[in-house]
Amino acid sequence: MSTFPHSQHFDVIIVGAGLAGLVAATEATEAGARVLLLDQEPEANLGGQAHWSFGGIFLVDSPEQRRLCVKDSEALALADWANTAGFDREEDYWARKWATAYVQWAAGGKRAWLHDRGIRFFPVVGWAERGGAGAQGPGNSVPRFHITWGTGPGLLEPFLKAAKAAQAKGQLVMLFRHQLDELVLRDGAVTGVRGTVLEPDAAPRGVASNRNATGDFEYFAPAVVVATGGIGGNLDKVRAAWPERLGTPPETMVSGVPAHVDGRGLDIAARAGARLVNGDRMWHYTEGIGNWNPVWERHGIRILPGPSSLWIDAQGQRLPAPLWPGFDTLGTLAHLRSTGHDHSWFILNRRIIGKEFALSGSEQNPDLTGKDVRAVLARARVDVPGPVQAFLEHGEDFLQAPTIHELVAKMNKLTGEDLLDPAQVAEVLEARDSAVANSFGKDGQISALTMARNYLGDKLVRSVKPHRITEAKAGPLVAVRLRILTRKSLGGVQTDLDSRVLDTAGNAVPGLYAAGEAAGFGGGGYHGYRALEGTFLGGCLFSGRAAGRHAAGEGQRT
């Protein structure tokens with residue numbers, strides 16, 4: 001796909017060929033600009049992290065919601081966003097504006113914009129990040145997680161097609177193995193890019209590529225967009241940015257993104273005058289498991305759990321309310337970091353894992369990714385879906401046993417420490433199970449499970465009928481060791497609503513724009529402290545759209 005430019009001059013240069021960069025490129029070419037798109041990775045990585053995603057999209061008051069009797073509104077979504085974000089800093093001025101604009105788009109033209117590009121959604125809307133700490137606490141009040149039909153690759157498809165069409169017309173040039181080293185400055189304005197041409201590499205998508213230099217490059221444009229992503233693949237940077245409020249950084253983590261998501265572009269933008277904000281805000285999952293068939297080093301997968309599993313810490317204590325599966329990601333992370341251990345456990349049974357476990361990622365959902373209706377319907381005819389069964393058979397974090405005492409023995413053996421007392425774990429499990437036997441009770445998780453099943457979507461595909469985990473017919477028992485999974489930077493380069501990069505004085509850096517995770521998905525962190533889910537891909541779409549349109553305008557004015 002790569003071709004070499006006949007000129008060093010363009011209207012717009014975009015660095016980073018992930019979703020945000022692709023959207024910016026296609027929007028700029030649609031506006032008539034001549035665009036150069038650069039990426040340090042091989043062409044196999046075109047589309048970036050979005051390719052690996054589940055394709056979750058945050059929409060408000062959609063037809064899919066209404067068909068499931070979900071009552072949503074822009075006002076409710078804005079309230080949920082504010083309660084979840086917890087904006088509390090001077091640096092949040094632009095982030096608040098981005099958040100408001102994004103929710104308005106999610107409740108307005110976003111679905112039509114995607115629909116016009118051929119994107120469709122799975123009819124069951126997921127209820128992610130439920131919060132559980134009250135109406136004014138963090139979390140989604142209603143289901144809003146719309147799964148793209150085709151998952152991440154399906155979301156990328158129309159933008160890849162548009163990019164290829166623009167390339168065929170000579171409006172877009174894509175150069176891979178071009179590593180950005182410097183933003184060119186002239187009289188305080190960004191006027192181009194300099195960097196290193198890297199040696200060709202046949203590494204498959206996601207696999208680390210070489211950094212062997214073969215030459216230099218220099219290209220010029222009146223508008224440059226930085227869309228280089230966050231820091232989630234650089235565990236040293238994650239630990240360095242780890243905030244005290246989340247406890248000490250884990251000694252061991254699994255990585256939810258490839259190694260090239262290293263934060264390098266953020267440092268380069270800062271050297272050119274960009275203001276980096278909210279670097280201490282981050283989004284990592286506590287339900288991470290090692291991938292039994294890894295693509296990159298320390299490759300982790302996230303479990304998207306239903307509400308039934310018993311969650312205990314490394315020493316067998318049940319997590320406090322409302323830290324149940326799928327409710328409060330950051331609250332659970334902070335709590336688990338206070339235990340002094342890097343892992344926790346789900347205890348469940350085969351019936352629960354069969355219906356309630358989904359695995360995040362396009363490659364873990366071949367039926368949805370392949371748009372195979374028959375395969376999707378076939379999920380209901382098997383007790384455990386194939387990808388989950390593969391982890392049961394091969395995953396190092398998955399254990400099975402007929403009794404709780406045998407299961408705990410295996411759990412202690414896996415960690416190499418006798419942290420769990422079989423009698424204590426059995427007591428915690430019995431207390432949970434006894435709450436199921438009564439139509440009344442004080443167990444908050446069982447109440448939440450019952451409420452979840454009032455929503456048709458959860459009842460159909462995401463939750464089992466409440467029962468004792470130790471019920472013989474539902475066995476065998478299963479334990480899953482959970483680890484911290486790195487994923488997203490919530491802070492980044494501060495931008496105004498036109499995606500123009502701002503300096504430390506709050507002024508626009510002439511010629512410089514930012515989009516996607518590099519911009520905190522908009523404004524240097526439109527999530528605040530916490531995310532409502534389905535908002536990362538959406539932030540790439542929204543900020544990439546703004547960056548491409550406004551950068552094209554600047555390029556054509558010059």
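No hydrogens, no waters, no symmetry mates; every other heavy atom, side chains included, goes into these values.
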> Is a salt bridge present between K371 and E157, judged by a nitrogen-to-oxygen distance below 4.0 Å?
Replying inline: yes
>> Whether the T151 and N365 side chains hold a donor-acceptor pair (N or O, under 3.5 Å, no angle test) is what I'd like checked.
In response: no
> For the ring pair W81 and Y102, is the centre-to-centre distance below 6.0 Å?
Replying inline: yes
> F346 and W311: aromatic ring centres closer than 6.0 Å?
Replying inline: yes
> If you round to the nearest 0.5 Å, how far is CE of M253 from CD1 of I484?
Replying inline: 8.5 Å
> To the nearest 0.5 Å, what is the distance between CD1 (I289) and NE2 (H299)?
Replying inline: 10.0 Å
> Should we say atom CD of E393 is surrounded by more than 12 heavy atoms from elsewhere, each under 6.0 Å from it?
Replying inline: yes
>> Keeping R239 on the side-chain end and P250 on the backbone end, is there a donor-acceptor pair under 3.5 Å?
In response: yes
> Where the side chain of N140 meets the backbone of L532, is there a donor-acceptor pair that is under 3.5 Å apart?
Replying inline: yes
> Taking the side chain from K110 and the backbone from F58, do they hold a donor-acceptor pair closer than 3.5 Å?
Replying inline: yes
> Going from CD on Q65 to CG on L59, what distance comes out if it is rounded to the nearest 0.5 angstrom?
Replying inline: 7.0 Å
>> Classify the ring geometry of F122 against W149: parallel below 30°, tilted from 30° to 60°, perpendicular beyond 60°.
In response: parallel
> Do N349 and H467 meet the criterion of a side-chain donor-acceptor pair at a distance under 3.5 Å?
Replying inline: yes
> What distance do K488 atom NZ and F521 atom CZ have between them, rounded to the nearest 0.5 Å?
Replying inline: 5.0 Å
>> Could you report the tightest heavy-atom contact between T495 and A519, atom names first, then the distance?
In response: CG2-CB, 4.2 Å
> About how many Å separate CG of L19 and CD of E517, when rounded to the nearest 0.5 Å?
Replying inline: 11.5 Å
> Is E471 paired with K465 through a side-chain N to carboxylate O contact shorter than 4.0 Å?
Replying inline: no
> Just by modelled atom types, is the G256 backbone N or O under 3.5 Å from a matching donor or acceptor in the W52 side chain?
Replying inline: no
>> Is it the case that the side chain of E64 and the backbone of F121 share a donor-acceptor pair, with hydrogens and angles ignored and the cut-off at 3.5 Å?
In response: no
>> I'd like to know if R318 pairs up with D313 as an ion pair, taking the criterion as any Lys NZ or Arg NE/NH1/NH2 lying under 4.0 Å from an Asp or Glu carboxylate oxygen.
In response: no
>> Strictly distance-based, threshold 3.5 Å: is any side-chain N or O of S463 a donor or acceptor partner for the main-chain N or O of D458?
In response: yes
>> Taking CZ in R245 as the centre, count heavy atoms belonging to other residues, nucleotides or ligands within less than 6.0 Å. Is the count above 12?
In response: yes
> Out of curiosity, Y285 OH to T329 OG1, how far, rounded to the nearest 0.5 Å?
Replying inline: 6.0 Å
>> Can you see whether D80 engages S141 through a side-chain donor-acceptor pair at a distance of less than 3.5 angstrom?
In response: yes
>> If you compare all heavy atoms of L22 against all heavy atoms of G47, which two are closest, and at what distance to 0.1 Å?
In response: CD1-CA, 4.0 Å
